[in-house]
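Comments concern the structure below.
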Amino acid sequence: MSAPVLAAYRYCETVTGQQARNFAYGIRLLPADKRQAMSALYAFSRRVDDIGDGALPPDAKGRRLEDTRALLARIKDGRVAEDDTDPVAVALADAARRFPVPLGALDELIDGVLADVRGETYETWDELKVYCRCVAGAIGRLSLGVFGTVPGAFDAERAPEYADTLGLALQLTNILRDVREDAGNGRTYLPAEDLAKFGCSAGFHGPVSPPGADFTGLVQFEVRRARALFAEGFRLLPMLDRRSGACVAAMAGIYHRLLSRIADDPEAVLRGRVSLPGREKAFVAVRGLSGLDARAIGRRQAVSRRRG
């Protein structure tokens, strides 16, 4: 690896370590080449997210996002040199040469952030699901391009579908965790029909739920939806090699436990950000590295095939 490319990867790894503790925690379990590629994917994705979350007016954000799309087109076309002044572009271009990452999924991410900039809301779960596939399912499919599947893995042709679904599970967990923060920023992601069903259409702007609202019922309803997505997405684990599977099990496992913590005390998300302590994250990582989750899922799938 040339010095400029190595420096570009180091920059991306620094961004990842500073901005995404859960993500950085998971990718530590990968070999160096995959860890570098995942850092490049994260750094580019973070740039897109930061534009959407920044203080610029919507028109300026739209222009910045389209400039980022133009940069992505240069990367796709192989028009980014190793000595380019943008380290994220250099690292992502190298990662795309090393691994079959579907860079078009980053266009979907940009589309999803543009929806945020326009302030789009969602009437139904089917509408929200489209958004989640853009901003999170796409990341799952990109990550699978780095991980790959083990030769002969059963049902491997469905791996992108499972990676996409796991991304949806993580995003819905994020939406529940950040419901008050998003409300403070003028954003509502949960489907309007779900909010109306539980008397929560007034929104979430304080440390307690609105009078007469069944906020606990709403959260439990969305938790059940997220758990079903996790169950489907976890089918990806037996298809991955040990270290890639450990990485996915660690990252997804942290969010799965976070979801359980939200389910145990739904109104905690109105009082502040719910998170896991470091020791619990370490336990999830060790469990993932041991392969316990992947083996358990593999056994269940084998039993299901025999019964079928």
Side-chain angles (χ1 to χ4, degrees), residues 9 12-13 15-17 19-49 72 75-76 88 91-113 132-150 153 155-174 229-230 232-256 281 284-285 288-289 291 293-294 297:
Y9 276 128
C12 292
E13 289 182 304
V15 169
T16 303
Q19 302 294 332
R21 290 190 294 272
N22 288 347
F23 187 84
Y25 206 93
I27 66 173
R28 288 183 197 173
L29 305 174
L30 295 172
D33 57 342
K34 291 185 178 183
R35 185 176 65 249
Q36 290 167 337
M38 291 294 289
S39 295
L41 288 171
Y42 175 82
F44 188 93
S45 302
R46 182 72 192 198
R47 178 178 296 181
V48 174
D49 285 342
L72 178 60
I75 295 170
K76 290 183 198 173
V88 176
L92 184 57
D94 185 76
R97 286 191 289 268
R98 290 168 174 260
F99 299 97
V101 290
L103 290 177
L106 288 169
D107 278 305
E108 296 178 48
L109 174 63
I110 294 171
D111 291 339
V113 175
C132 291
R133 289 195 189 284
C134 285
V135 298
I139 303 303
R141 285 176 267 124
L142 286 160
S143 301
L144 180 63
V146 175
F147 298 145
T149 57
V150 294
D155 216 18
E157 67 278 2
R158 297 188 66 185
E161 173 190 336
Y162 295 141
D164 186 273
T165 301
L166 199 53
L168 264 65
L170 269 61
Q171 185 63 22
L172 184 52
T173 303
N174 269 336
L229 293 168
F230 271 115
E232 181 77 7
F234 277 144
R235 295 186 179 192
L236 176 67
L237 291 180
M239 303 178 186
L240 305 177
D241 66 67
R242 180 171 174 267
R243 292 178 72 175
S244 296
C247 173
V248 174
M251 288 190 291
I254 287 170
Y255 279 88
H256 195 255
K281 292 180 183 178
V284 173
L289 192 59
D293 297 318
I297 293 165

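Please read all numbers here as calculations on a predicted model, not as lab measurements.
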Distance-minimising heavy-atom pair for [X] and [Y]:
{"X": "M239", "Y": "D155", "result": "CE-O, 3.3 Å"}
{"X": "A169", "Y": "L229", "result": "CB-CB, 3.7 Å"}
{"X": "T149", "Y": "A156", "result": "OG1-CB, 4.2 Å"}
{"X": "E13", "Y": "S39", "result": "CG-OG, 3.3 Å"}
{"X": "A249", "Y": "L237", "result": "N-CD2, 3.9 Å"}
{"X": "A40", "Y": "V88", "result": "O-CG1, 4.4 Å"}

Going by heavy atoms in the side chains, are [X] and [Y] under 4.5 Å from each other?
{"X": "Q36", "Y": "C12", "answer": "no"}
{"X": "L41", "Y": "I139", "answer": "no"}
{"X": "Y162", "Y": "L144", "answer": "no"}
{"X": "F230", "Y": "L170", "answer": "yes"}

Interatomic distance, Y255 atom OH to T173 atom OG1 [nearest 0.5 angstrom]: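 Nearest 0.5 Å value for the OH-OG1 distance: 8.5 Å.
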
Point-to-point distance, once rounded to the nearest 0.5 Å, from CZ of R158 to OG1 of T165: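 Those atoms lie 8.5 Å apart.
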
Please tabulate, for the side chains in residues 92-103, all donor-acceptor contacts under 3.5 angstrom to protein atoms that are two or more places apart in sequence or on a different chain.
{"residue": "D94", "atom": "OD2", "partner": "Y9", "partner atom": "OH", "Å": "2.7"}
{"residue": "D94", "atom": "OD2", "partner": "R98", "partner atom": "NE", "Å": "2.6"}

Steps toward side chain to side chain contact (heavy atoms under 4.5 Å, CB included) verdict (D49, L109): CA-CA 9 Å; D49 285 342; L109 174 63; 4.1 Å; yes

Test applied, side chain to side chain contact (heavy atoms under 4.5 Å, CB included); reference residue, F147; option that passes from D241, L142, L236, L30: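 Option passing the side chain to side chain contact (heavy atoms under 4.5 Å, CB included) with F147: L30.
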
Donor-acceptor contact present, side-chain K76 to main-chain G104, <3.5 Å: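 Here the side-chain-to-backbone pair does not exist.
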
E161/R235 salt bridge by N-O under 4.0 Å criterion: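 No, this pair does not count.
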
Pair K34-R243, side chain to side chain contact (heavy atoms under 4.5 Å, CB included): steps then yes or no: CA-CA 10 Å; K34 291 185 178 183; R243 292 178 72 175; over 6 Å; no

